[in-house]
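The structure appears right after this line, and notes come after that.
First listed ligand is number 1; within each ligand, the first listed atom is number 1. In what follows, every heavy atom counts, from backbone to side chain, and hydrogens, waters and symmetry copies are set aside. Quantities reported herein were computed from a predicted structural model and do not represent experimental measurements. In this chain, numbering begins with 1 at the start of the sequence shown.
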Amino acid sequence: MRVVIKNGSADGSIWAAHYIAEKIKAKAAKTSEPFVIGLCTGSTPIQTYAELARMVKAGELSFKNVISFNMDEYVGLPENHPESYHSFMHKYLFDLIDEPAENIHILNGNAPDLAAECAAYEQAIRNAGGIDLFLGGIGEDGHIAFNEPFSSLSSRTRVVTLTEDTRIVNSRFFGGDMNLVPKQALSVGVATVTDSEEVVILAFGPKKARALAAAIEGPASHYCTVSALQLHPAGTIVCDEAAVGEIKLNSYKYFKAVEEAEQNC
Ligand code: GLP
């Protein structure tokens, strides 16, 4: 696992955006096959999306040959609700870039048959040739997408029940009222994420420190589902100093030394 520690969320977000942009360009230089990206929501990726959008506007990057799959969506929340992940993605990314509408995939939390919707999503990812890079955030309990503690590390896209903790944390987007936060969501599984060629996780701020320490130094466990990254050959965590506040000093020094060595290569 690679852990890139930047001073703050602004540096980390810009680093991640440029990393993703380079990956998109590198594939385009090799093949006409589309770049397939997995995307996340939450406050964490907003600055990364802003930088990607800036690059598109400046003509430095294009999403014309990019296909995207979002991680999750609430069940039963209207698509046009301001806090739906559909609304979020359009506001912070899709309305600002040149990705063709037909390339955008977001789970439909209002589908009449949710199990069929999830199965079709997994099939659509396979049809696209699999995901090249999955960009994720983490919950304060270490969940990836909406894979709450005790989600199997082999899980696939499915209906999930949110923990009370997650509903309390996410209530800040619903006027502070956890009763307005849907109780269920559709989410890609842990294995849907780890099947990707590469996984990049963003984690900023002290609220993520406990989860990050568990993910980096704890065992790979269904209790902290982002820890599945330990089993992935190309997993990167991009974080800031505050988010690694709970890892051991020696772990911190090692990750810093690795990045320094990378820069000197
Ligand atoms: C939700 C999303 C996750 C996201 C998490 C963290 O639970 N389902 O994909 O990573 O929120 O959100 P934030 O970035 O706002 O801390």
Show me which atoms of ligand 1 lie under 4.0 Å from any heavy atom of [X].
X      : answer
Asn170 : 1 (C), 7 (O)
Thr44  : 13 (P), 14 (O), 16 (O)
Gly42  : 12 (O), 13 (P), 14 (O), 15 (O)
Phe146 : 1 (C), 7 (O), 8 (N)
Gly137 : 10 (O)

Handout entry: Whether Ala145 lies under 4.0 Å from ligand 1, heavy atom
Key =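 It does; at least one heavy atom falls under 4.0 Å.
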Practice task
For Leu202 and ligand 1, answer yes if some heavy atom of the residue is under 4.0 Å from a ligand atom, otherwise no.
Solution key: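 Leu202: no contact with ligand 1 (<4.0 Å).
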How does [X] reach ligand 1, if at all, at less than 4.0 Å between non-hydrogen atoms: by side chain, backbone, both, or neither?
X      : result
Lys207 : neither
Tyr85  : side chain
Cys40  : neither

Name the closest protein heavy atom to [atom], giving the residue it belongs to and the distance to 0.1 Å.
atom                    : value
atom 16 (O) of ligand 1 : Lys208 NZ, 2.6 Å
atom 6 (C) of ligand 1  : Ile138 O, 3.3 Å
atom 8 (N) of ligand 1  : Asp72 OD2, 2.8 Å
atom 7 (O) of ligand 1  : His143 NE2, 2.8 Å

Quick one: which of [options] gives a side chain to side chain contact (heavy atoms under 4.5 Å, CB included) with [X]?
X      : options                        : answer
Cys239 : Ile247, Val244, Ile201         : Val244
Glu148 : Asp165, Val160, Thr166, Thr225 : Thr166
Asn70  : Phe88, Phe94, Tyr85            : Phe94

Problem - Near-ring test Phe134/Phe69, centroid separation under 6.0 angstrom - result: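 That pair fails the under 6.0 Å test.
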Problem - Validation row, ring centre Phe174 to ring centre Tyr74 under 6.0 Å - result: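 Yes, the ring of Phe174 comes within the 6.0 Å limit of the ring of Tyr74, centre to centre.
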Handout entry: Residues Lys183 and Glu164 bridged, charged N to O under 4.0 Å
Key =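 So Lys183 does not pair with Glu164 through a salt bridge.
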Handout entry: Arg172 N/O under 3.5 Å from ligand 1 N/O
Key =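 Yes, at least one N or O pair falls under 3.5 Å.
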Practice task
Kindly confirm or rule out an N or O of Thr41 lying under 3.5 angstrom from an N or O of ligand 1.
Solution key: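 No - when backbone and side-chain N and O of Thr41 are compared with those of ligand 1, no distance drops under 3.5 Å.
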Please answer whether the main-chain N or O of [Y] pairs with a side-chain N or O of [X] as donor and acceptor at a distance below 3.5 Å.
X      : Y      : result
Ser155 : Gly189 : no
Glu99  : Asn65  : no
Lys25  : Glu60  : yes

Problem - 4.5 Å side-chain heavy-atom contact, Ile20 and Leu135 - result: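 They are in contact (side-chain heavy atoms under 4.5 Å apart), so the answer is yes.
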